Structure formats: C-alpha cells, structure tokens
Amino acid sequence: MLDRKLVRKDPERVRKGIAGKHVDFDVDAFLAKDEEMRDLIQETEKLKAERNDASHEISRLKKEKKDAAPIIAGMKATSIRIREVDEALKSISEEIDNLALAMPNLPHESVPYGKGAEDNPVVKSWGEIPEMPEKPLSHWEIGEKLGILDLAAGAKVSGRGFVVMRGDGALLTRALINLFLDIHRKQGYEELWVPFMVNRASMVGTGQLPKMADDMYHCERDDFFLIPTAEVPVTNMYRDTILEGDMLPMKFTAYTPCFRREAGSYGQDTRGMTRVHQFDKVEMVRYALPENSYSDLEVLLGDACEVLEVLDIPYRVIELCTGDLSFAAAKCYDIETWAPGVEKWLEVSSCSNFEDFQARRAGIKLRREKRAKPEFVHTLNGSGLALPRVIATILEMNQTPTGKVRIPSALIPFMGGIEYLEA
RNA sequence: GGAGAGGUGCCAGAGCUGGUUGAAUGGGACGGUCUCGAAAACCGUUGAGCGGGUAACCGCUCCGAGGGUUCGAAUCCCUCCCUCUCCGCCA
C-alpha cells in the first residue's frame, strides 16, 4: 500500500511510478473518491461531536433529576443522520481500500526504466561455465536415467507439475535444504519453522491478495491459503506490531515448500521441474530501518549469491527494470544459473526491497525512541535458494560424459559422502 | 467435535445494575526532586489510527472482530475469531 498522503500531495510521482510498471491504475479516480470520502468524514465527525455534547447534557440533566426528554427527542434525528452518513462512508472507504490494495508499489529511483524482461541489465557474473558434452542432456532426462526423478509418479499422485524425487534425488533435496539453512545461520539469520497455510489477512499483508488470487491455492472451508513462499508467514509474524527501535534489523531464514497454481503460465516450461506447483525453497526475510534498506538489499543479495559460490555454481545477477518489477517490489535483483541441457538461464533467487509497502499493508511499525511516533519498517526478502532449479542446474551442469553427475564438494558431507550420482 | 471460563492500555488487573471511563488500581518505562553517586521515597509523564489546521491546537474513532438495541455501550443482544481448562478423537 502506498502512503495516501503521498498520493494526494504528489500524484504526478505516483502516476509516473505506476506507469513505469505498466500497470493500469486510475490515480485521478482514486483521488476523486478520496476527496468524497473526506467530505463524508467531516460531516459525520461534526454530527458525532454534537451527539457527544448532547450526551453529556442528558447525563447531567438526569443526575439533577431534570427533564431530558426534549434533548433526547431532538437527538433521534441526529442519530439517524449519523447512521446514514456512516453507511455511505463505509461503502466508499471500502471502495477506496480496495483501490488502494490494487495500487502497486513505486519503483525506486535507481531502477532502470524498461518494458519487460528483455530490458533487465546484467549487473554481475560469477564463475565460468565449464565445457559441456556435445549434447548436454536435460535435467529430466538425467533424472529419469538415474532414477532420482519420477515425473510420472508425481503426475499420477497429484497431477501435472508435481514431482516425486526418489533415492539419492530425495537425499539431494534434503541435503540442499540443510546446507542452505546452515549457510544462512552462519550469516546471522534466525532459523524459523513456520505454518505452510496462512489466513487471508496474511496474504493481504504481503501483497499476494487481492491481486494474485488466481495463483494461490485456497482451502475454502477454512479460508486458508497454501503459502506461495515463506515470505508470507515470516513477514506476517509481526503483522500489527510496533517494534522497538533496537530490535532492528531482524533477519530470518526458513525452509518451506511453496505452492503456486501458475495460472498464467500455461505453455511455459511444461517439461521437467523448473516450473511446478509445489517446490521447496529456503527463504531469507529482513526487517530493516528505512535508511538502511537499500544497503541491506545488497547484503541480502550477497547472502544469496554466497550459496551458489559455496556450491561452485556459476551465476549472473540481473536487475529488474521497472516493467518487470513485481507488484509489491520497489527494487529487485534476480539471480540466474545456466542450465545447459535446456539452454536457459534459470531464476533461482529473487531479492527484493519492498520498502514500506508490505509494512503499511501488514501494519508493521517501529518506535525508535521511548516516546517517538511509530513509523513503518522496510521489509526485504530473497530466496536462498529455490531448490528445483538449483537441482536442475546441478544435474545439467555437472553431468559427465559417462552419464554420472558430480556432487558439489560442499554438499558431499550432507549427502552421506556420496560424490557422484550414478545409475 | 462437546462442556465450561475468558479476551480491556507496555504488563497485571478493575469496571460489565448502560450516561464527563481512553478507561480505576498496581507494576514497568521515561523525566524530575533528593544524593558525592546509587537505592529508597516523593512529584510528574507514559496508546494508536483518522480528519481539519502553516502551527499551537481542535475534533472523531478504537476496551478480540463484525452486526444489533438505544438519545447514548467496554458495559445489554446476536454472529464469528482467538486463548485457557476438562472430555472425546487423532499423527
């Protein structure tokens, strides 16, 4: 959510920011409604002040055993009017709230302007892509050959977009989760284990709702949502909370499965495990002081990159341009690894600064000094990392001419000493 | 799932026979007096959101959430959520 006062005061800046994201939003219609609402607020408040005065008067008269009937009779009309105005006010503020929730965050001034993914600049590259066999196999071919990835089984028990990992494949998943969490703990993140289903307020808090409703799995009976990322439970832990100034910064890491309907992406990545409905991810979430959030974003990005460096996997970092930036983000870096089998860069991490956008929605504030006015915190998060794409990269990048897959050395201790995946 | 108890300010805890109660009292925290310093004691301060105003300030709302009754509700009624105790069921 944006600061409503900012929208009033500097609509031009808001219009520009929204336009940069290529989102359709009528700022003027919003402002018109906002003004209408403020008129109603003033009317009802005036009436209520009247009513409060009369109430005191009635109370006084009754105590003095005097007749209050005339005032009471007079207040009946006022009361009815208050009810009418409040009703109108309620309906218009609901409209405004819905509009406000659909207004995207504004890109940070440092974000390059662009239309879409093709305009995202590469800002960093690390490692060398090793020499590959003539025709590198895709991860699903390797996975099936080694018997560690069973897509048919996944399709049978659940459906398309679900995978079964078996044997050393299952072990690989577990090993990666452990390695990732260990790295983040060393980086100073507090490890959390959180619910995988959350309530509606949490989904609104981090910005998944109402905009992305179609991409979420919903348990209607209990109105629970399967989390699309650990960001949701971790960021919402402090929903409607005023933090003490010295609590910041806070940083958390959590492993969770992630559930996504991928409603808008039919036809993309239809094979393999690079786009599935359920996947595993280790996430980092930071609560930052506003003045530090951008330096924190760089640190967060570095913390995610470190995971790939530990695994000795080459990567590149791209900065999302305005047009490719997600709804809630003010600035975002994606980390991508090369998958020679599918000949694609895979997004294994996304590190974003939401500034106070989520904090406003979720009501996460901080009080710097004892009696200071609470202000909104900044929230950030980044994947560290998304498992299936890392696995795809490892399988494709580390495949040998003899059909084996070399396990990155840092991972071997987590794999019970296994150095190669082989049939 | 069944039975009961309860959800009030930073915490504890009154109020709940409807009427200056945003809320007693205690604790904590902060500021001050006292002291060489500290403790104790004493005095004072101590919620958030919204609207109006350059500001000082003024007004409105909030006692789990949402409705209702009433001139007026923390206080009465209804629905929902959550917590605790007991029973049942269960990994």
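From a predicted model like this one, the values you see are computed outputs, not experimental measurements. Lettering of chains follows the sequences in order, A, B, ..., and the numbering in each one begins at 1. Atoms considered below: every heavy atom in the structure, side chains included; atoms not considered: hydrogens, waters and symmetry mates.
For the pair Arg8(A) and G51(B), the criterion of a side-chain N or O lying under 4.0 Å from OP1 or OP2 is met. Between Arg83(A) and U69(B) there is a side-chain polar atom (N or O) within less than 4.0 angstrom of OP1 or OP2. Listed pair Arg60(A) / U20(B) fails the phosphate criterion, with no side-chain N or O lying under 4.0 Å from OP1 or OP2.
Side-chain proximity of Ile72(A) to the nucleotides C71(B), G19(B), U61(B) is greatest for C71(B). Listed candidates were A48(B), G52(B), G59(B). Nearest to the side chain of Ile242(A) is A48(B). Side-chain proximity of Arg51(A) to G51(B), C71(B), G19(B): nearest is C71(B). Candidate nucleotides A48(B), G19(B), C60(B) were compared by shortest atom distance to the side chain of Ser55(A), and G19(B) ranks first. Considering only the side chain of Ser79(A), C71(B) comes nearest among G19(B), C71(B), G51(B).
Comparing the P positions of U25(B) and U45(B) gives a spacing of 12 Å, expressed to the nearest Å. Here the separation of G6(B) from C43(B), taken at their P atoms, is 36 Å to the nearest Å. For the C1' atom pair drawn from A40(B) and U35(B), the interatomic distance equals 11 Å after rounding to whole Å. Comparing the C1' positions of C71(B) and A29(B) gives an interatomic distance of 42 Å, to the nearest angstrom. Here, G27(B) and C42(B) have their P atoms 9 Å apart, quoted to the whole Å. When the C1' atom is used for both A23(B) and G9(B), the distance is 8 Å, rounded to whole Å. Comparing the P positions of C80(B) and U85(B) gives an interatomic distance of 23 Å, to the nearest angstrom. Straight-line distance between the C1' atoms of C76(B) and A24(B): roughly 23 Å, to the nearest whole Å.
Comment: Arg60(A) engages Glu57(A) in a salt bridge, judged by a side-chain N to carboxylate O separation of less than 4.0 angstrom.
The residue Ala49(A) sits close only to the backbone: its heavy atoms come under 4.0 Å of sugar-phosphate atoms, none of a base.
Using Watson-Crick or G-U wobble geometry with both donor-acceptor distances under 3.5 Å, G31(B) finds its partner in C43(B). Nucleotide A74(B) forms no Watson-Crick or G-U wobble pair with any nucleotide shown, as no partner meets the under 3.5 Å limit on both distances.
Below 30°, between 30° and 60°, or above 60°: for Phe25(A) and Phe30(A) the angle between ring planes is between 30° and 60°, a tilted geometry.
Residues Arg4(A) and Lys48(A) both approach RNA chain B. Their nearest nucleotides, taken by heavy-atom distance, put Arg4(A) toward the 5′ side.
When rounded to the nearest whole Å, the span between CG of Leu89(A) and P of C50(B) equals 15 Å.
Note: Phe357(A) and Phe327(A) meet the aromatic proximity criterion, with ring centroids under 6.0 Å apart.
Applying the side chain to side chain contact (heavy atoms under 4.5 Å, CB included) test between Tyr255(A) and each of Asn178(A), Asp280(A), Leu387(A), Leu192(A) identifies Asp280(A) as the sole match.
Side-chain contact of Ser202(A) with Asn199(A): a donor-acceptor pair under 3.5 Å is present, judged by distance alone.
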